[in-house]
There are 2 protein chains.
Amino acid sequence: MGRKQAIIQSATRLFAQKGFAETSTAEIAEDAGVAHGTLFYHFKNKRGIIHEIFSMAGEAYLQNLKNVIARKTTGITRIEAIIRFNENFSRDHIQQIRIFQRFFPDPVEVSDPETRLIASLQQQVIGLIEKSLETGLADGSIACKNINETASVIHSLIFGITHMNLTKAINTPQLTEGAIAFCRRALAPGGQDCQTI
Amino acid sequence: MGRKQAIIQSATRLFAQKGFAETSTAEIAEDAGVAHGTLFYHFKNKRGIIHEIFSMAGEAYLQNLKNVIARKTTGITRIEAIIRFNENFSRDHIQQIRIFQRFFPDPVEVSDPETRLIASLQQQVIGLIEKSLETGLADGSIACKNINETASVIHSLIFGITHMNLTKAINTPQLTEGAIAFCRRALAPGGQDCQTI
DNA sequence: AAACTGATTGACAACTCACTCAGTTTCTGA
DNA sequence: TCAGAAACTGAGTGAGTTGTCAATCAGTTT
């Protein structure tokens, strides 16, 4: 493994565990077994390191998600696959997902590149959920009135589930399965409409 | 307003906007219009400031949530009230909620007081959701198999919705209403069971 | 008036941080 | 074999960090 890869690996581990600001470049260098200066030969600055981690992980996430969706045919099974994929990806790339979830955009610095990257990623995921919902409407496996709204709700649910799984604040092992069952009921065709008791 | 309150107010604003580590004590002092040393007269250290913000906000959240629930009678309207309360509270205490959402526990430092506080808070919220689900089962407004699991799912959904509203990553104004409709369908009694297409 | 109180100040110590750079080692291909 | 390029080193720099502390000050009590 090259030095650059070693640096990325160490940075990923440390950023995931302690956070970006709480991790020093000296710490990364020591963990990677390289001199401090080597970091700045391979990366413009500290932000450059996390930028590379972000874009690599984001690309991998989207690519794998698309593959998983393509393997399913009906709308409801695609939604199920999307939710289940999230848990699998979070397990296999726990550090990257932790870094993503740690990131919280500064509401005034909206032009920050990482903020834009995450926003774009989320928009694309929502787009994929929407397409799956449309598929479900067409094949009759899903009933849904407002596609964009429902997709955003499902995306929020996925985000929340991932957060709870990562922080282990909730002691619910089958959270993902519960979410799938929840979505299946909410999207089931033939179900009665919203009652207003 | 006393100096201590001014410090808390400034710290709340800055922590919400930039994050804890990215905000210096000098910055807080300047914003609050007090000398740097005054911070450490009123608080043991920098963490002491955020600790006070955390516990005050957490207490206010729980207290208000309980009041809101108590005002509703049926199970499903209580669930609806819980979801809607979250949006109202987030709007009225946007900075505090932002600080909460920014916080991400270090997976190795599990005994961190803030980590414990958040975990306890979440456990209590889930407990309130569970009780509302039970009420719904009893009065027939809700159908639900696994109460704890469903409560955790709803809690995750609320967390995700709050996050999306705060980061405005999703451009869906009616996210909360969408979530309520989604939950109403998922919890509706008489709906058919999960299909396995 | 003298003594005491808690609040406030700002200079300061001790330290950490990201980043630089002059110099060294390693690689590469002709 | 060797010159030039690329990779690497680690001491050094200056800015910034949290937290300390002796001194001051406005009130209040004795």
Side-chain angles (χ1 to χ4, degrees), chain A residues 1-56 95 99 102-106 108-109 111-115 117, chain B residues 1-56 99 102-106 108-109 111-115:
Chain A
M1 185 174 55
R3 299 273 226 256
K4 188 174 179 181
Q5 272 308 308
I7 291 168
I8 289 181
Q9 204 171 75
S10 294
T12 302
R13 198 177 61 76
L14 291 166
F15 288 160
Q17 184 193 117
K18 316 201 305 168
F20 180 75
E22 292 82 358
T23 303
S24 72
T25 48
E27 211 174 347
I28 298 169
E30 193 191 343
D31 189 271
V34 303
H36 194 190
T38 309
L39 258 64
F40 299 93
Y41 175 77
H42 289 289
F43 301 93
K44 186 169 171 280
N45 49 30
K46 190 184 175 187
R47 299 200 61 173
I49 304 176
I50 204 170
H51 182 79
E52 185 124 337
I53 296 172
F54 260 83
S55 39
M56 277 177 16
Q95 291 170 341
I99 294 174
R102 268 188 187 280
F103 184 82
F104 199 93
D106 184 331
V108 299
E109 289 236 16
S111 60
D112 171 70
E114 267 59 65
T115 304
L117 193 148
Chain B
M1 183 176 51
R3 300 276 225 252
K4 188 174 180 182
Q5 271 307 308
I7 291 168
I8 288 181
Q9 204 172 74
S10 294
T12 303
R13 200 177 60 76
L14 290 165
F15 288 160
Q17 184 194 116
K18 317 200 307 167
F20 178 74
E22 292 81 0
T23 303
S24 72
T25 49
E27 213 173 345
I28 297 170
E30 194 193 343
D31 188 271
V34 304
H36 191 199
T38 309
L39 259 65
F40 298 93
Y41 173 76
H42 289 288
F43 302 94
K44 186 167 172 280
N45 49 28
K46 189 183 172 188
R47 300 199 61 172
I49 304 176
I50 205 169
H51 182 79
E52 186 124 337
I53 296 172
F54 258 84
S55 38
M56 278 176 17
I99 295 174
R102 269 190 187 281
F103 184 82
F104 199 94
D106 185 331
V108 299
E109 288 236 17
S111 60
D112 169 71
E114 268 59 64
T115 304

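Lettering follows sequence order; numbering is per chain, from 1. Every heavy atom of this structure was used, including side-chain atoms; hydrogens, water molecules and symmetry mates were not.
Taking a 6.0 Å sphere around CD of A:Glu22, one finds it holds more than 12 heavy atoms contributed by other residues, nucleotides or ligands. Other residues, nucleotides and ligands contribute over 12 non-hydrogen atoms within 6.0 Å of the CD atom of A:Glu27. For NE2 of A:His42, the number of neighbouring non-hydrogen atoms (other residues, nucleotides, ligands) closer than 6.0 Å is greater than 12.
Of the two residues near DNA chain C, A:Ala21 and B:Gly33, the one whose nearest nucleotide lies more 5' is B:Gly33.
Across D:dT9, C:dA18, D:dG19, the shortest atom-to-atom separation from the side chain of A:Arg3 is found for D:dT9. Side-chain proximity of A:Lys46 to the nucleotides C:dT8, C:dC19, D:dT9 is greatest for C:dC19. When the nucleotides D:dT9, C:dC17, C:dC19 are ranked by their closest atom to the side chain of A:Ser24, C:dC17 comes out on top. For B:His36, taking side-chain heavy atoms from C-beta onward, the closest of the listed nucleotides C:dT9, D:dT18, C:dA18 is D:dT18. Considering only side-chain atoms of A:Ala35, the nucleotide from C:dT9, D:dT9, C:dC19 that sits closest is D:dT9.
Going from atom CD of B:Glu30 over to atom C1' of C:dT9 covers 15 Å, rounded to whole Å. Counting to the nearest Å, the P atom of C:dA13 and the CZ atom of B:Phe40 are 17 Å from each other. Rounding to whole angstrom units, CD of residue B:Glu27 and P of D:dT17 are separated by 7 Å.
Nucleotide C:dC4: paired with D:dG27 (Watson-Crick or G-U wobble, both distances less than 3.5 Å).
Nearest heavy-atom pair across A:Gln17 and B:Val108 is OE1-CG2, 3.8 Å.
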